[in-house]
**Q** 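What follows is a single structure, and I will ask about it in a moment.
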Protein chains: 2
Amino acid sequence: MSTRERTVQAEAGERRRVTSFDVAERAGVSQSTVSRALAGLETITAATRRRVEEAARELGYFVDSRAARLRSGDTRTIAIVVITREGGDVRAINPFHFTLLGSTCAAAAARGFEALVTFQSEPEQLFGRFVEERRADAVIVIGTTANLPAWEHFRNLSEDQPNMAFWGVGGEENEWVRSDNLQGAQLAVERLVAAGHRRIAFVGETGGHQLQFGERYEGYCRAMTAQGLAPLPPVTGTGETRDGQGRAAMEAILKGDRPEGLFFACDAMALGALDHLAQRGIDVPGDIGVVGFDGLGSGAHSHPPLTTVEPEFALAGEMLVSVALDAGSSERRVPVRLVERRSVRAPR
Amino acid sequence: MSTRERTVQAEAGERRRVTSFDVAERAGVSQSTVSRALAGLETITAATRRRVEEAARELGYFVDSRAARLRSGDTRTIAIVVITREGGDVRAINPFHFTLLGSTCAAAAARGFEALVTFQSEPEQLFGRFVEERRADAVIVIGTTANLPAWEHFRNLSEDQPNMAFWGVGGEENEWVRSDNLQGAQLAVERLVAAGHRRIAFVGETGGHQLQFGERYEGYCRAMTAQGLAPLPPVTGTGETRDGQGRAAMEAILKGDRPEGLFFACDAMALGALDHLAQRGIDVPGDIGVVGFDGLGSGAHSHPPLTTVEPEFALAGEMLVSVALDAGSSERRVPVRLVERRSVRAPR
DNA sequence: TTGAAAGCGCTAACAT
DNA sequence: ATGTTAGCGCTTTCAA
């Protein structure tokens, strides 16, 4: 359809969306010049660009992203899937995943990508074909390891779908990003040792699907050995939530030979344990030292505030995005740091 | 281009995306039948549909959402903008907004919409023309009231952009959704009174941009009066964060005539205040009763765990989505409930 | 119930 | 530096 025909149609009174043809007519240039000017191509002279921009503003014109992306072939969008517990509501989501989601959105934006976010939990409704549907250029998967069918689903997807990245574990060999768990565990153990503790226990399941816990235990063992101390077998507690698991583990620990220091595989468990300790009247850090992992904000207000190992969230988001987009990206270990609060007594 | 031509091109060895034409050929039907079958239109016979679906599966075909939406005119997407502090990182975001974000995404999904999420903070980079760009059918704005330029930006947008919804306040008359603050305040005051407290103070700024705090104070005043008690002027504390403001307010309160009960306009402030109280050796709920507002998860692990007024998050998300989409939707007050924890002593 | 044809609004290849 | 033209892949008339 020519510009002339469109004009006639418009003048006939039909309500239409303003298109680049309308802008072209108003600016006295061709439609493709409008496209180039608004896309910021260098071949357009400053004067032409100004005229086009003004005409666009006057008409309230915005580029239709669907048409632009259909034609250009890309989407400039990254899909972020947050896996949650089956049947669970948003209140039950570990705040760690929210923080990670936030930094991933920010990292995507920094690279000029938009973020399409879905929370997925029910096995029969899992969906990850965002790239095939041209809804996104890549897919990032984060969330709870407790929902096995969901991880399985996305792991399978990644077999014939290169542009994916997983937090923790999943997908093909080179598609995961996770914390520097060995380093984190070392930081935790060294801090407890500095406080004078020698009998230090690790809390968290090590053989399960939360592969990062296994790494944290491995790091704990290495660090203990390096300090000339004997690593203890990992302690676990059963419960629906991490919180409950932490309480249960704490209860079990207090029944036996009491350790001087405790390294929890995640803050959520440590927080539950702290509650149990307080109820039992056991003083932290006086009677026992506690270190967590994840850098949860809640730890800042717990009793006492929780010393923890925190991944650099900003980097975590950036790495997820670049692994998802580039596939060739190599850095996949997120640096960690010790956040000193008050659940371990001062170094001697 | 005819089906025949496409076939020739494909056989010439050119790598192309699988299209509905390919599926049509394989299924032995026309391209439009493929479209109809996959869209689930009722006019297609079961046998035809099965053949099409099988061909699609065999070829790994998925509908290109850009093309489908360009043609059909919709986007089936809702943009969610989370306003954050200028220069702030994800760690500083109030977890309340994350929970609200989660429930809004869930509500959008329940209505068949996808969620395009952006975190926005810097004044020069604010963007909300998602509808004009045909990136979304509606825009929902949530986040911190502390970023004035951002709220101003989106409020302006809503003047000529009907499909918007704001959490708290903003936009045109009928575009906001917020907690039932009057009811929430009443719940809080009644609980403190039940514990035997009579001198009850309210903490939070009432004349500011956080309009909900004003409503909570109003509700506090009404509830106090209804109980035959004298409302006190609102107490505020200065600080960068809500946490700091809570501490400062607490410090100020302790300098004067000590109240028996405290109602905080938000949990984040209450949590800061609780820390200060603990440091000063003042027992909660023994020496003073505390109630917050927001239902923050952190409150479950504070010292003591924080009794709070919680909005029904699932409903909050649903209301935001339906206000954004329908414009005519009427229900905009989110019901609240009292979450009993341990910062107020048992009713007498 | 299905097929043929039009065209959504844009970008990019090819002209000039 | 700009105009002309083709066509991205689909949904939706219109016809049969």
Side-chain angles (χ1 to χ4, degrees), chain A residues 1-6 9-10 14-25 27-52 55-56 59-76 132-135, chain B residues 1-7 9-10 14-25 27-52 56 59-76 132-135:
Chain A
M1 193 190 286
S2 73
T3 302
R4 169 98 191 89
E5 285 171 283
R6 284 182 168 274
Q9 191 181 57
E14 191 176 325
R15 266 276 179 281
R16 298 177 15 259
R17 182 182 151 78
V18 176
T19 71
S20 52
F21 284 92
D22 302 317
V23 177
E25 192 187 1
V29 296
S30 74
Q31 180 269 338
S32 52
T33 295
V34 171
S35 174
R36 292 183 185 113
L38 265 24
L41 297 199
E42 290 303 332
T43 68
I44 302 295
T45 60
T48 305
R49 181 183 321 261
R50 213 174 314 111
R51 288 223 313 288
V52 169
L59 294 172
Y61 170 77
F62 290 86
V63 173
D64 185 317
S65 65
R66 299 166 304 189
R69 291 164 185 189
L70 171 58
R71 181 59 240 236
S72 70
D74 65 8
T75 74
R76 301 304 293 176
E132 291 87 339
E133 284 191 341
R134 314 321 303 261
R135 275 270 46 212
Chain B
M1 193 190 285
S2 74
T3 303
R4 169 102 192 88
E5 285 172 282
R6 285 182 166 273
T7 306
Q9 192 183 55
E14 191 177 324
R15 266 275 177 281
R16 296 178 18 259
R17 181 183 151 78
V18 176
T19 71
S20 52
F21 284 92
D22 303 316
V23 178
E25 193 186 0
V29 297
S30 73
Q31 181 268 339
S32 48
T33 296
V34 172
S35 174
R36 292 183 184 112
L38 265 24
L41 297 199
E42 290 304 332
T43 68
I44 301 294
T45 60
T48 305
R49 182 186 319 265
R50 212 175 313 112
R51 289 224 313 288
V52 170
L59 294 172
Y61 171 78
F62 290 87
V63 173
D64 185 317
S65 64
R66 298 165 305 187
R69 292 165 184 188
L70 170 59
R71 182 56 240 239
S72 71
D74 66 7
T75 73
R76 301 304 293 175
E132 292 87 340
E133 284 190 343
R134 313 323 301 265
R135 274 272 45 213

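Quick caveat, the model's predicted, so the values are computed rather than measured. Chain letters run A, B, ... following the sequence lines, proteins first and then strands; every chain starts at 1.
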**Q** How many Å lie between CZ on A:Arg17 and P on C:dG7, as a whole number?
**A** 19 Å
**Q** Without decimals, in angstroms, what is the distance between A:Arg51 CZ and D:dG3 C1'?
**A** 14 Å
**Q** Quick one: does B:Arg49's side chain get under 4.5 Å of B:Val52's, heavy atoms only?
**A** no
**Q** Under 3.5 Å, is there any donor-acceptor pair linking the side chain of B:Thr48 to the base of C:dT1?
**A** no
**Q** First locate atom CD of B:Glu25, then atom CG of B:Leu59, and finally report the distance between them rounded to the nearest 0.5 Å.
**A** 9.5 Å
**Q** So, does B:Ser65 use its side chain to make a donor-acceptor pair with the main chain of A:Glu133 at under 3.5 Å?
**A** yes
**Q** What is the distance from CG of B:Leu59 to P of D:dG9, rounded to the nearest Å?
**A** 15 Å
**Q** Working to the nearest 0.5 Å, report the span between CD of A:Glu42 and CZ of A:Arg36.
**A** 13.5 Å
**Q** Using a cut-off of strictly less than 4.0 Å, decide whether B:Ser20 has a side-chain nitrogen or oxygen near OP1 or OP2 of D:dC10.
**A** yes
**Q** Can you tell me how far P of D:dT13 sits from CZ of B:Arg71, to the nearest Å?
**A** 7 Å
**Q** Grab the CG-C1' distance between B:Leu70 and C:dG7 for me, whole Å please.
**A** 9 Å
**Q** List in numerical order all residues of residues 35-44 of chain B for which some heavy atom is under 4.0 Å away from an atom belonging to DNA chain C.
**A** B:Arg36, B:Thr43, B:Ile44
**Q** Given atom CD of A:Glu25 and atom P of D:dT4, what is their separation to the nearest angstrom?
**A** 13 Å
**Q** Is there a side-chain contact between B:Ser30 and the phosphate of C:dG3, meaning an N or O under 4.0 Å from OP1 or OP2?
**A** yes
**Q** Name the nucleic acid region contacted by B:Ser72, choosing base, sugar-phosphate or nothing; use a 4.0 angstrom heavy-atom cut-off, strictly under.
**A** sugar-phosphate
**Q** Round to the nearest Å and state the distance from B:Asp74 atom CG to D:dT12 atom P.
**A** 8 Å
**Q** Between A:Ser65 and C:dC10, does any side-chain N or O lie under 4.0 Å from OP1 or OP2?
**A** no
**Q** Would you say B:Thr45 reaches C:dT2's phosphate, i.e. side-chain N/O to OP1/OP2 under 4.0 Å?
**A** yes
**Q** From CD of B:Glu133 over to P of C:dT11, roughly how many Å is that when rounded to an integer?
**A** 11 Å
**Q** Atom CG in B:Asp64, atom CZ in B:Arg17: separation rounded to 0.5 Å?
**A** 4.5 Å
**Q** Can any side-chain N or O of A:Arg66 pair as donor or acceptor with the backbone N or O of B:Asp74 at less than 3.5 Å?
**A** yes
**Q** Among C:dC10, D:dT5, D:dC10, which nucleotide has an atom closest to any side-chain atom of B:Phe21?
**A** D:dC10
**Q** From the set C:dC10, D:dC10, C:dT2, return the single nucleotide nearest to any side-chain atom of B:Thr33.
**A** C:dT2
**Q** Please tell me which of B:Val34 and B:Ala67 maps to the more 5' nucleotide of DNA chain C, matching each residue to the nucleotide holding its nearest heavy atom.
**A** B:Val34
**Q** Could you measure the distance from the CD1 atom of A:Ile44 to the OG atom of A:Ser32? Nearest 0.5 Å is fine.
**A** 8.0 Å
